[in-house]
Amino acid sequence: LPLDERLASYVVEGTKEGLFADLDEALLAQAPLEIINGPLMKGMDEVGRLFNNNELIVAEVLQSAEVMKASVAHLEPFMEKNESSVKGKIILATVKGDVHDIGKNLVEIILANNGYHIVNLGIKVPPEQLIEAQRREKADAIGLSGLLVKSAQQMVVTAQDLRNAEIDVPILVGGAALTRKFTKTRIGPEYDGLVLYAKDAMDGLDIANKLMN
Ligand code: B1M
């Protein structure tokens, strides 16, 4: 198989045998993020499709997630770093009821490599915990991630709770369950502060940079 197809197949098959050598080979020609957003994401999309068709079980998807996480960890040291000065502090969380964290953790890496101090609250984070963290950390923005359809609705609830707690820092939202339109029509009106949608981790960095300027 060509290299890109091999990389996708490690994710689909949930195996790490030969993975790191192939990642090193890919690094000779591609930037770490290109490898993640290209062949590895292609593999993850295929996992999602097979899972949807009941051709994979949750345990197998977990193996695929392990391969993705190991790949990101392997590629991380090769990512561009811009550690000039601290640009701002951002709290990150996957919303209540949702365990998907690969995308959120990728956002953490990209932001942290580009001058942001990140407070990562993890997964299944209820609004109360975000409110408490914001009062403690006084972050410049709050980032919410969610991949389930119900997570989009949970973001609306979270935004309402933040508003009721008189928090109005910008909220950055992302994850497969969302679109820019949903963000504007559903979350925006529920919240006094800005609500901004990021389609991927690099978009998240661009938005954060604009916010801090
Ligand atoms: Co789940 N899962 N999963 N899963 N899973 C999806 C999301 C699903 C679409 C698969 C499918 O059916 N086709 C489906 C959702 C259906 C829906 O609601 N529409 C689904 C389901 C149903 C479930 C369960 C309910 C299955 C079950 O138990 N029966 C269950 C949910 C549990 C829960 O959350 N309560 C479940 C569980 C799991 C695993 C634990 C096995 C595993 C997650 C492991 C982990 O994260 N530690 C898993 C996985 C791996 C997936 C798929 C296959 C891949 C997700 C992923 O990691 N992608 C996914 C199908 C798919 O997406 N193709 C699926 C790679 C990652 C880098 O991309 O997270 O999208 P992503 O992040 C992107 C952007 O979205 C963006 O940047 C990243 C790229 O740069 N982004 C942000 C994300 N967050 C951001 C935040 C930002 C900015 C950008 O600012 C704050």
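Atoms within each ligand, like the ligands themselves, are counted from 1 in listed order. Just so it is clear, the structure is predicted and the values come from calculations on it, not from any experiment.
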Give, for atom [atom1] of [X] and atom [atom2] of [Y], the distance between the pair rounded to the nearest 0.5 Å.
X: Asp24; Y: Leu19; atom1: CG; atom2: CG; result: 9.0 Å
X: Met44; Y: Met68; atom1: CE; atom2: CE; result: 5.5 Å
X: Gln30; Y: Leu3; atom1: CD; atom2: CG; result: 7.0 Å
X: Ile110; Y: Glu76; atom1: CD1; atom2: CD; result: 8.5 Å

Strictly distance-based, threshold 3.5 Å: is any side-chain N or O of Asp161 a donor or acceptor partner for the main-chain N or O of Glu128?
no

Check whether any side-chain N or O of Tyr10 sits under 3.5 Å from a backbone N or O of Gly18 as a donor-acceptor pair, and report yes or no.
yes

Nearest heavy-atom neighbours spanning [X] and [Y]:
X: Asp203; Y: Ala198; answer: OD2-CA, 3.4 Å
X: Pro127; Y: Lys96; answer: CD-CD, 4.3 Å
X: Val67; Y: Gly14; answer: CG2-C, 3.6 Å
X: Ala139; Y: Val169; answer: O-CG1, 3.6 Å
X: Val95; Y: Ser151; answer: CG2-CB, 3.6 Å
X: Met79; Y: Pro32; answer: CG-CB, 3.7 Å

Give the residue and atom name of whichever protein heavy atom lies nearest to [atom], and the separation in Å to one decimal.
atom: atom 27 (C) of ligand 1; result: Val58 CG2, 3.8 Å
atom: atom 18 (O) of ligand 1; result: Val149 N, 2.9 Å
atom: atom 3 (N) of ligand 1; result: His100 NE2, 3.1 Å
atom: atom 66 (C) of ligand 1; result: Gly103 N, 3.9 Å
atom: atom 55 (C) of ligand 1; result: Leu147 CD2, 3.6 Å
atom: atom 42 (C) of ligand 1; result: Val61 CG1, 4.0 Å
atom: atom 54 (C) of ligand 1; result: Met44 SD, 3.8 Å
atom: atom 35 (N) of ligand 1; result: Gly97 O, 2.9 Å

Does [X] reach ligand 1, in the sense of a heavy atom lying below 4.0 Å from it?
X: Ser64; value: no
X: Lys150; value: no
X: Gly175; value: yes
X: Lys124; value: no

Determine, counting only non-hydrogen atoms of the protein, whether one lies under 4.0 angstrom from [atom].
atom: atom 52 (C) of ligand 1; value: no
atom: atom 74 (C) of ligand 1; value: yes
atom: atom 48 (C) of ligand 1; value: yes

Relative to ligand 1, is [X] under 4.0 angstrom through side chain, backbone, both or neither, heavy atoms considered?
X: Ala65; value: side chain
X: Met41; value: side chain
X: Lys69; value: side chain
X: Ile36; value: neither

Between Asp140 and Lys87, does a salt bridge (charged side-chain N to carboxylate O under 4.0 Å, His left out) hold up when you go through it step by step?
CA-CA 10 Å; Asp140 300 294; Lys87 292 187 199 156; over 6 Å; no

Could you list the atoms of ligand 1 found under 4.0 angstrom from a heavy atom of [X]?
X: Leu172; answer: 90 (O), 91 (C)
X: Lys199; answer: 74 (C), 76 (C)
X: Gly143; answer: 91 (C)
X: Ala198; answer: 88 (C), 89 (C)
X: Asp45; answer: 63 (N)
X: Asp98; answer: 34 (O)
X: Ala176; answer: 75 (O)
X: Asn52; answer: 12 (O), 13 (N)

Below 3.5 angstrom, do we get any N/O pair linking [X] and ligand 1?
X: Ser145; result: yes
X: Asp101; result: yes
X: Leu92; result: no
X: Gly48; result: yes
X: Leu148; result: no
X: Val99; result: yes

Answer yes or no: are there more than 12 heavy-atom neighbours, outside Lys124 itself, under 6.0 Å from its atom NZ?
no

Determine whether more than 12 heavy atoms belonging to other residues, nucleotides or ligands lie under 6.0 Å from atom CD of Glu166.
no

Do the side chains of Leu194 and Leu211 get nearer than 4.5 Å, heavy atoms only?
yes

For the residue pair Ile131 and Leu162, establish whether any side-chain heavy-atom pair is separated by less than 4.5 Å.
yes

Identified side-chain contact (heavy atoms from CB on, under 4.5 Å) counterpart of Asn105 within the set Val107, Ile102, Asp101:
Asp101

Under-4.0 Å salt bridge between Glu46 and Arg49
yes

